[in-house]
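The structure appears below as structure tokens.
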2 protein chains.
Amino acid sequence: MEYILFALFLGTCFGAGATGGLFPPGAWYVSLNKPSWTPPNWVFPVMWTTIYVLISFAAARVAVMEGSHFAMAFWAAQIAFNTLWTPMFFGLRRLKGALVVMAFLWLSVLGCFITHWQIDFWAGMAMVPYLAWVSVAAMLNYSVANLNPDVEALDLSKL
Amino acid sequence: MEYILFALFLGTCFGAGATGGLFPPGAWYVSLNKPSWTPPNWVFPVMWTTIYVLISFAAARVAVMEGSHFAMAFWAAQIAFNTLWTPMFFGLRRLKGALVVMAFLWLSVLGCFITHWQIDFWAGMAMVPYLAWVSVAAMLNYSVANLNPDVEALDLSKL
């Protein structure tokens with residue numbers, strides 16, 4: 001693994017992860033109806049930090065291997081949809097719109113898992129917690145959207 | 001060039017580009033003081049669409065070439081910071097915060113240009129309009145931040 005590559009991928013994850021601090025849950029999120037199995041707030045940053053380190057490790061291993069083009073394409077896709085989800089959910093408060101982004105994110109992560117695993121066992125394994133966590137996040141987004149049908153999206157044009 | 005790869009990279013750009021529709025300029029942007037050389041609104045979607053097609057073409061060419069790991073790492077970086085910039089500027093209305101994101105975006109695009117150009121002439125050329133455009137966008141962001149020192153950031157916790 002090249003450490004400069006690892007640092008570059010981790011820096012990219014930092015861009016995506018910054019959305020968590022910029023668009024924090026806050027009182028609005030507390031006020032939403034949530035399913036009983038909703039993880040406590042502290043779990044989210046812990047999971048994301050772990051995942052960002054793991055997928056940067058995976059990308060840095062795979063990037064220098066032959067035939068990694070689809071792995072790299074899916075990696076770029078997941079980080080874009082990952083960065084988009086938080087402003088959509090916590091910024092615009094568009095619960096169903098966020099679910100659409102989540103569908104693209106989930107597919108990108110599935111693509112990452114398959115393509116990384118095909119060329120490197122450990123890179124594939126490093127994608128497993130991410131795939132598990134976006135599955136939980138997708139179910140949570142779906143439940144919250146269903147349990148809060150009347151939540152109003154933020155209309156920036158009125159502010 | 002592999003067409004499936006091209007479609008994957010273009011789909012990823014679509015995720016980043018969606019922020020333009022989700023966080024549109026609107027009355028708030030109109031009300032800002034802007035430098036005399038500010039491009040008219042219609043130029044932005046035209047430029048971005050062109051750039052997204054060009055950089056997807058560049059990535060699809062370079063991804064299958066040997067030694068493209070840094071090119072792929074910078075490509076992933078630029079798409080993450082690209083996705084982050086619009087919610088920062090038009091969503092949170094944090095003009096200086098957006099300038100920080102823009103600095104990371106500009107460096108990622110410079111990294112893309114150099115690393116793509118080193119392994120493929122046409123991929124490098126396809127990055128030139130992007131580098132030119134983020135340079136203009138960075139100057140515009142800087143000017144707008146300077147010309148509007150009193151603009152209030154959106155405080156989501158109060159909404």
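Below, chain A is the first sequence line, B the second, and so on; all start at residue 1.
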So, does [X] use its side chain to make a donor-acceptor pair with the main chain of [Y] at under 3.5 Å?
| X | Y | answer |
| --- | --- | --- |
| B/Asn141 | B/Leu95 | yes |
| B/Thr19 | B/Gly15 | no |
| B/Asp120 | B/His116 | no |

key: Heavy-atom proximity to chain A below 4.5 Å, by part of B/Leu159   =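 Backbone plus side chain of B/Leu159, per the 4.5 Å heavy-atom cut-off to chain A.
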
ask   = Heavy-atom distance under 4.5 Å to chain A: side chain of B/Tyr29, backbone, both or neither?
value =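 When you check distances to chain A, no heavy atom of B/Tyr29 falls under 4.5 Å.
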
message = Please rank A/Ser108, A/Gly91, A/Ala63 by heavy-atom pairs under 4.5 Å with chain B and give me the top one.
response =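 Max contact count across the listed options: A/Ala63.
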
inquiry  = Counting heavy-atom pairs closer than 4.5 Å to chain B, which one of A/Met65, A/Glu66, A/Arg93 comes out on top?
reply    =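 When all of A/Met65, A/Glu66, A/Arg93 are compared, A/Arg93 has the most.
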
Kindly give the heavy-atom pair with the smallest separation between [X] and [Y], and that separation in Å.
| X | Y | result |
| --- | --- | --- |
| A/Val151 | A/Leu32 | CG2-CD2, 3.8 Å |
| A/Ile119 | A/Thr115 | CG1-O, 3.3 Å |
| B/Phe57 | B/Ala126 | CD2-CB, 4.0 Å |
| A/Pro35 | A/Leu140 | CG-CD1, 3.7 Å |

inquiry  = At under 4.5 Å between heavy atoms, what parts of residues 67-88 of chain A are in contact with chain B? List them by residue number.
reply    =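 So the qualifying residues are A/His69, A/Phe70, A/Met72, A/Ala73, A/Phe74, A/Trp75, A/Ala76, A/Ala77, A/Ile79, A/Ala80, A/Phe81, A/Thr83, A/Leu84, A/Pro87, A/Met88.
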
Counting only heavy atoms not in [X] (residues, nucleotides, ligands), do more than 12 fall under 6.0 Å from its [atom1]?
| X | atom1 | answer |
| --- | --- | --- |
| A/Ile4 | CD1 | no |
| B/Phe104 | CZ | no |
| A/Arg94 | CZ | no |

key: Per-residue contacts, residues 38-55 of chain B versus chain A, heavy atoms under 4.5 Å   =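 So far as heavy atoms go, nothing in residues 38-55 of chain B approaches chain A to under 4.5 Å.
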
inquiry  = Taking the side chain as everything from C-beta on, heavy atoms only, tell me whether A/Val136 gets closer than 4.5 Å to A/Trp37.
reply    =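 Sidechains of A/Trp37 and A/Val136: in contact.
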
task = Please tell me if the side chains of A/Leu156 and B/Trp28 come closer than 4.5 Å, counting only heavy atoms from C-beta onward.
result =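 A side-chain contact under 4.5 Å is absent here.
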
ask   = Which answer fits A/Leu5, side chain, backbone, both or neither, if we ask what part of it has an atom under 4.5 Å from a heavy atom of chain B?
value =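 Its backbone and side chain both get close to chain B.
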
